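Report on the structure given below.
Just so it is clear: chains get the letters A, B, ... in the order the sequence lines come, proteins before strands, and each one is counted from 1. FYI, side chains are in, hydrogens and waters are out, and symmetry mates aren't considered; it's all heavy atoms of this structure. This structure is a prediction, so every number in the text was calculated from the model and none was measured.
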2 protein chains.
Amino acid sequence: MQSRSPAASRPGRPRSAAADTAILAATRAALVELGWSKLTLGDVATRAGVAKTTLYRRWSGKNELVVDAVAELFDELRLPDRGSLAADIEGVVLQFAAILARPEARSGLMAVVAESTRDDALRERIRESIVERQKRLVVEGRARAQARGELPPETDPADAARTADLIFDVVAGAVVHRTLVSAEPADEEWVRSFTRVLLLGLGSLGGAA
Amino acid sequence: MQSRSPAASRPGRPRSAAADTAILAATRAALVELGWSKLTLGDVATRAGVAKTTLYRRWSGKNELVVDAVAELFDELRLPDRGSLAADIEGVVLQFAAILARPEARSGLMAVVAESTRDDALRERIRESIVERQKRLVVEGRARAQARGELPPETDPADAARTADLIFDVVAGAVVHRTLVSAEPADEEWVRSFTRVLLLGLGSLGGAA
DNA sequence: AGCTTTCGCTACGAGTCGTAGCGTAATGGC
DNA sequence: GCCATTACGCTACGACTCGTAGCGAAAGCT
C-alpha cells in the first residue's frame, strides 16, 4: 500500500499488517462520521485500537494517511468489455460515480487534492495511487475502441498521450464536478446524456430525446 | 458580498467597509503564503490590521471567510460575444483557467468544496456566490449559439435546464480537473482540443491535427 | 447631548498536534 | 536458548489554535 523500502527480512519485530488495515478502515469510518476537518489522528488511533505513536511511525501526517485510505476505494474499478465504446464509457463512469457517492470518498478526496496544491510530494502520492490507475482505464478503453474501428487510430504517440490526458480530464472532471460541486447524483440518465455529448458533441443534444 | 440583513440606517456605529475588504485581501494573501490548512484566523486578523474578535463578528468561521475571499476572484468572469460558439467557449474557458491558475484560488476553492460535502449551508453559500454565476455564462452562451443556429433550440424547459447543468459540469469539471488534479496548465492548445471534443465529440480527434 | 453598535485589546479553557521516554512484545541471527 | 534489533502501547509534555468573554474607547444616528 505504501511501497516502503524493501522491508524484506529485516531484523527485529515486523510491523503488524493487521494494524495497517485496521488504521485505514478506521480512517474511512472517521471520514464518514466526522469529515476531513474534524478528523483527528488521535481519534483514528483509538478507533483502530492502536497507539497514536504507532500511527505516526507509519504515516507522516493526516494527508498521507487519508490518501492511502481513500485509494483503496478505487481498487474495485474495472473495465469490462461491453461491446461498444458508448457502453464501456457508461459502465466505467457509473462505477466511478458509485465510488464518489460514498461519503468517505466525498469528504476525503477533495480535501487531499486541495492540500496537494501546496505539497508536491503529496500530489505525486495521489497521482501514483489514485489518478494513474483511473487513467489506465481511459487508455485501455480507447485502444479497444480503436480496435473496433470506433475511433481513428493515433498517428503520433505524443499526440496520443495528450488525447488520453484530455479525455481523462473531461470524464473524471465531469463526474467529480457533478457529484461534489453540483451535488447531484451521476445516475444512469445523466451518464447516458454525458456519453452522448462525449461521443457526438453538443449538437447531438436537444433534438430527439 | 455577504448579503447581510438590510443594514440600512441602523442605530449605532456602522461596520467598517474598509475592514471587510482588508480582511478578504488578507485572507487571499494568507492562502497564497500558507495554503488552506495552515491558514489561521488569528493570522488573517493580524495581516488585515483588525482584531480577531472583529473577524468572528462578521464570519462564523474559516470556511465562510474563504468562500467570500475566493468568490471575489470570479467577479471578473465575462462572456464577450466572439461570433461563434467555439470562440465563445474558448474565451470563457481561458478566463476560468486563468483564475484557477492563481494560487489563492487553487488552495482555497477545493478546500471549501471539500468541506461543503458535510455542510449544506456552506454548499449553498458556494452555489450562490461562485457556482451560479458561472452557470449563467453557460446558459447565456447556449442561448447565443441557438440564436446563431449553431445548436438546436430546446423543446422542453426541464430538458433545457438539465442540458445546461450537464454542459456546465463538463466544462467546469474538465478545467478544474486539468488544473488541480492533473496539475497541467489549461493553455490555448488544450482549450482548442477541449472545445473540439465538446462540439464534435471524440471522433473528431486524431485524424488531422 | 444621549443611545447604540462596533472596535481593539487582553485573557481564558478547551482541544489538537507531534514528540520523547519508558518498559514490553515479537522477530531473526548465532 | 540467548541476544540484538525493531515495533508496540502507554503516559506525559510544550506549543499552538480555537472560539468566547469582558472591558473601555470610538463612531455613527436622532
Between [atom2] of [N] and [atom1] of [X], the distance in whole Å:
X: A:W59; N: D:dC8; atom1: CH2; atom2: P; result: 10 Å
X: A:L55; N: D:dC10; atom1: CG; atom2: C1'; result: 15 Å
X: B:N63; N: D:dG19; atom1: CG; atom2: P; result: 10 Å
X: B:K62; N: D:dC16; atom1: NZ; atom2: C1'; result: 13 Å
X: A:Y56; N: D:dC8; atom1: OH; atom2: C1'; result: 17 Å
X: A:R58; N: C:dG18; atom1: CZ; atom2: P; result: 18 Å

The criterion is side-chain contact (heavy atoms from CB on, under 4.5 Å); which residues satisfy it with [X], sequence neighbours excluded?
X: A:A22; answer: A:A48
X: A:A51; answer: A:T53, A:T54
X: B:A111; answer: A:A114, B:W36
X: A:L151; answer: A:L85, A:R142, A:A145, A:Q146, B:L202

Applying salt bridge (Lys or Arg N to Asp or Glu O under 4.0 Å), can you list everything that pairs with [X], at least two apart in sequence or on another chain?
X: B:E104; result: B:R102
X: A:E140; result: A:R144
X: B:K135; result: B:D165
X: A:R123; result: A:D120

Quick one: which residue pairs count as a ring-ring contact (aromatic ring centres under 6.0 Å, His included) with a foot in residues 162-189 of chain B, not counting sequence neighbours? A:F168-B:H177, A:H177-B:F168
Residue met sooner reading DNA chain D from 5', once B:R13 and A:R13 are mapped to nucleotides: A:R13
If you assign A:S16 and B:P14 each to the DNA chain D nucleotide with the nearest heavy atom, which residue ends up on the more 5' nucleotide? A:S16
Check ion pair A:E72-A:R28 (N to O, under 4.0 angstrom): yes
Where along residues 38-48 of chain A does a heavy atom fall under 4.0 Å from DNA chain C? A:T40, A:L41, A:G42
N or O in side chain of A:R15 less than 4.0 angstrom from D:dA7 OP1/OP2: yes
Heavy-atom side-chain proximity of B:V92 to B:D88 below 4.5 angstrom: no
Between protein and nucleic acid, restricted to nucleotides 8-11 of chain C and to nitrogen or oxygen atoms under 3.5 Å apart, what atom pairs and distances do you find?
residue: C:dG8; atom: OP2; partner: B:A51; partner atom: N; Å: 3.2
residue: C:dG8; atom: OP2; partner: B:T54; partner atom: OG1; Å: 2.8
residue: C:dG8; atom: O6; partner: B:R57; partner atom: NH2; Å: 3.3
residue: C:dC9; atom: N4; partner: B:T53; partner atom: OG1; Å: 2.9

Net bend of the helix from C:dA1-D:dT30 to C:dC30-D:dG1, end axes of five pairs each, nearest 10 degrees: 30°
